[in-house]
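Since the structure comes first, as structure tokens, the remarks are kept for the end.
Quick note on labels: first sequence line is chain A, next is B, and so on, each numbered from 1.
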Number of protein chains: 2
Amino acid sequence: MPMYRINFSEFFTSAFSVDCIIFGFSDSKIKALLIKRAMEPFNHFWAVPGDLVYPKEDLPEAAERILYELTGLKGIQMHQSQSFGNPERHPQGRVITVAYFALIKIDDFKIEASSWAEDIKWMAIDEIPALAFDHNHIIKSTYEMLKIKLANEPVVFDMLPKRFTLNQLQQLYEYASATEMDKANFRKKIKNIPLKAHNEKQQNVKHRPAKLFSFDSKKYISLSKDLNYRFKL
Amino acid sequence: MPMYRINFSEFFTSAFSVDCIIFGFSDSKIKALLIKRAMEPFNHFWAVPGDLVYPKEDLPEAAERILYELTGLKGIQMHQSQSFGNPERHPQGRVITVAYFALIKIDDFKIEASSWAEDIKWMAIDEIPALAFDHNHIIKSTYEMLKIKLANEPVVFDMLPKRFTLNQLQQLYEYASATEMDKANFRKKIKNIPLKAHNEKQQNVKHRPAKLFSFDSKKYISLSKDLNYRFKL
DNA sequence: GCAAAAGTGTTTGGATTACACCCATGC
DNA sequence: GCATGGGTGTAATCCAAACACTTTTGC
């Protein structure tokens, strides 16, 4: 006689949410997009944007929805980070949260506070104040995951303008890896990464303008078919 | 006037579970411990051991409990994998699951089916049949995470006997990285990893017995304090 | 002695590092 | 011309791959 182990309605009393850490790059720094909450709990606290998951919604869908509601951006690749389920983490009940992160080009959209936030701001990852809930912890461990991704998958280019200089790429690399590197050596290091050089230069700089590059995703895909090739930054 | 966004009891209608993928190593293969379910849903299907999380229980606690109930092992480090929340994944309601994994020494315990399983078995990672729920998917993505951990943190030693031969270490490495490697070169590759050599040899082999080694975790900890040192397998 | 695996040394080519130097632009 | 960063070449060094060879055990 088969038995159902789950027959206690007491188990179906929890909620879950998705929190989205949105990373961007400007002023040589990696930043996260934070909102100032305009609701309880943690009213007026800075926080990672997040929302409860709808009953019929899958997790990646929820993450995309939150990103869209916040930035108007669609079609951005989302990456799952970790889940956090401390029973005390939410004052209103048992809510576990799944953290997702997105990498976006800061210039691609205009930030504006939505109805459920009274302010919104990019904050450099090393200048983040005390946040609502366990959000400091969530950001910290998600940033660790970001760094691993950046080193092993071609996602840096999601944070850079479509056309970027090699120096921008180097600055992003140096910030994420917390190192400094010789310019010539950096260029040798990335020579396995397929970049398209354009006949176009940086504008409005008071020194020799740098050449602009873009990531050659077509070439990357064909390279990836070779099992000996592995992206490494 | 502060408003609570969460005031709909309809949100607190989901449950969550923790699934534990327990990895071990024997016969030169990485294996996972699976149970044959003795309950609905998916009665008589092979599955990853898992359970609902108790209302007052944190996620890592739940993972440790499940490991203990299944193997009797305590004090094993658990690692969080990914979460899975497809609304259709559980036939009895909305259940999202957080996958955890543990690496254990297969010889350290005797497996025996518990009350909620009719059978239990180690299965090589590339010989796993169709499982209950979305468990094939869960195992696959957790195995990918395992491979990354193995390469970057000294967790291989959790899967090997306390004293092991260099060839065992190499076989585990080769299985996980799906490569073959020259013996001499492998030994050069691992010379940064702190190992203690013992005056003890393999027994009952019909060839020259190999020396036994153990991981020198004391030395590893002091090495880790040097920011230039990074474990790499 | 033979089979089988343990264990070590040498050579070579490619990648990483340190460092030096030249180039283009604005003011 | 000079300040500022863009861009490149060279030599020394380290590291990984290929391969050959010696050693120790059981039978």
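Protein atom NZ of A:Lys188 is 11 Å distant from nucleotide atom P of D:dT8, rounded to whole Å. As rounded to whole Å, 17 Å separates atom P of D:dT10 from atom CZ of A:Arg187. Here D:dC27 presents its C1' atom at 15 Å from CG of B:Asn204, a figure rounded to the nearest Å. Going from atom CD1 of A:Ile190 over to atom C1' of D:dT8 covers 14 Å, rounded to whole Å. With rounding to whole Å, B:Glu180 atom CD is found 15 Å from D:dA17 atom C1'. We find that CD of A:Glu200 is positioned 17 Å from P of D:dG6, with the value rounded to whole Å. Taking atom CE of B:Met181 as the reference point, atom C1' of D:dC15 lies 11 Å away to the nearest angstrom. Between B:Asn185 atom CG and D:dA20 atom C1' the separation is 12 Å, expressed in whole Å.
Side chains of B:Tyr175 and B:Asp126: a donor on one and an acceptor on the other come within 3.5 Å.
Between B:Val205 and B:Arg208, the residue whose closest nucleotide on DNA chain D is further toward the 5' end is B:Arg208. Sequence order on DNA chain C of the closest nucleotides to A:Lys201 and A:Asn192 puts A:Asn192 first from the 5' end.
Residue contacts shown for B:Lys189 are absent, as no nucleic acid heavy atom lies under 4.0 Å away. Within the nucleic acid shown, B:Ala184 comes within 4.0 Å of at least one base atom, counting heavy atoms only.
Note on ring orientation: taking the six-membered ring where Trp is involved, the planes of B:His137 and B:Phe84 are perpendicular (angle over 60°, cut-offs 30° and 60°). Aromatic ring orientation, A:Tyr220 versus A:Tyr229: perpendicular (interplanar angle above 60°, classes split at 30° and 60°). Classification of the B:Phe157-B:Phe215 ring pair by plane angle, with boundaries at 30° and 60°, yields parallel.
Side-chain to base pairing of B:Asp182 with D:dA16: no donor and acceptor N or O lie closer than 3.5 Å to each other. Not a single donor-acceptor pair, N or O on each side, falls under 3.5 Å between the base of D:dG5 and the side chain of A:Lys183.
Salt bridge status for B:Glu200 with B:Lys211: absent, with no side-chain N to carboxylate O gap under 4.0 Å.
Contact check for A:Leu131 versus A:Ile138: no side-chain heavy atoms found under the 4.5 Å cut-off. Side-chain contact between B:Ile76 and B:Asp158 is absent, with no heavy atoms from C-beta onward closer than 4.5 Å.
Nucleotides of DNA chain C with any atom under 4.0 Å from a heavy atom of chain B span, from 5' to 3', C:dA4 to C:dT10.
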